[in-house]
Amino acid sequence: MRIGELAARAGVSTRTLRYYEEQGLLPARRAANGYRQYEEADVRLVSEIRSLLAAGFTLDDTRPFVDCLRAGHDDGAACPESVAVYQRKLTEIDTEIRTLIRRRAEVADQLARACPGCVLSPGTSAPSSDFPEATNAHPHDRELRRSSSPRRHAGTGRILGGLVSPLQNDRADP
């Protein structure tokens, strides 16, 4: 198939396919007239790349998955190199979550200092399509409430359903 057909079937632009070719991820064979020629398996390669990119992987991260598919495996994650990329990415995500939890605690502390007696209600944030019930209200509205009891800090093990392990000393990191 030619580049336009592959682009249409994979849901990407021809420019994207040329870029993947430049990066060595998508080999293009040339017909006698110089046109790029692709195989049916290339649709799967592009789909794998797009799926991984959408999940937050870098283009370089996709290489082991693409190589695994090119080696004849039905799944790009069937090779040990791909599994190693998954493991590394999970470690990166866990680190980012811990950093965000620390940052959130710092902002909550700043809020408590700026508005004594006010604390951010658990699980609220600025309004969004994901959390339309949230608001940027003040103590007299819903989001902020007067605390009659001492403020409790949730351990990171409780946050996100226990997906993130507790931090030993979360104030020690810069």
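Scope of the values below: all heavy atoms of this structure, side chains included, with no hydrogens, waters or symmetry mates. Counting from 1, the numbers follow the sequence of the chain as shown.
Residues A77 and E48 come closest through the heavy atom pair N-OE2, 4.5 Å. Summarising the geometry of L17 relative to A7, their closest heavy-atom pair is CD1-N, 3.5 Å, with the distance given to 0.1 Å. The two atoms that bring P64 and D60 nearest to each other are CD-O, 3.9 Å, heavy atoms only. Closest non-hydrogen pair, L59 versus Q23, comes out as CD2-CG, 3.8 Å.
A side-chain N or O of Y20 and one of R50 form a donor-acceptor pair less than 3.5 Å apart. For D94 and T91, the side-chain atoms include no donor-acceptor pair closer than 3.5 Å.
No side-chain heavy atom of E81 sits under 4.5 Å from any side-chain heavy atom of C68. At a threshold of 4.5 Å between non-hydrogen side-chain atoms, the residues Q37 and R30 do not count as touching. Within the 4.5 Å cutoff, the side chain of Y35 has no heavy atoms near those of the I3 side chain.
Applying salt bridge (Lys or Arg N to Asp or Glu O under 4.0 Å) to D42 and the options R9, R70, R29 leaves one that passes, R29.
Hydrophobic clustering (ILVMFWY, side-chain heavy atoms < 4.5 Å, transitive): V66 and Y19 are in one cluster. Hydrophobic clustering of Ile, Leu, Val, Met, Phe, Trp and Tyr side chains at less than 4.5 Å, counting indirect connections, keeps L52 apart from V12. A single hydrophobic cluster is seen to contain both V46 and L69, as judged by linkage of ILVMFWY side chains at heavy-atom distances under 4.5 Å, directly or through other members. Put simply, Y86 and L53 are part of two different groups of oily side chains (I, L, V, M, F, W, Y) that touch within less than 4.5 Å, one to the next.
T62 places no side-chain N or O within 3.5 Å of a backbone atom of I49 that could act as its donor or acceptor partner. A donor-acceptor pair under 3.5 Å is absent between the side-chain atoms of S47 and the main chain of V43, judged by distance alone. In this structure a side-chain-to-backbone donor-acceptor pair under 3.5 Å is present from D61 to T58.
Taken from CD in E40 to CG in L45, the straight-line distance is 11.0 Å, to the nearest 0.5 Å. We find the CD1-CG distance between I93 and L100 to be 11.5 Å, quoted to the nearest 0.5 Å.
The residues E92 and R88 are annotated as salt-bridged, a charged nitrogen and a carboxylate oxygen being separated by less than 4.0 angstrom. Using a 4.0 Å cut-off between a side-chain N of Lys or Arg and a carboxylate O of Asp or Glu, E21 and R36 qualify as a salt bridge. Using a cut-off of 4.0 Å between Lys/Arg side-chain N and Asp/Glu carboxylate O, D74 and R44 are scored as not salt-bridged. Under a 4.0 Å N-O distance rule, the pair E96/K89 does not qualify as a salt bridge.
By the 6.0 Å contact criterion, CZ on R103 is open, its count of non-hydrogen atoms from other residues, nucleotides or ligands being 12 or less.
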message = Using the rule given for side-chain contact (heavy atoms from CB on, under 4.5 Å), can you reason through L26 versus Y38, listing the C-alpha separation, both sets of side-chain angles and the distance that settles it, and then say yes or no?
response = CA-CA 9 Å; L26 184 64; Y38 297 96; 3.8 Å; yes

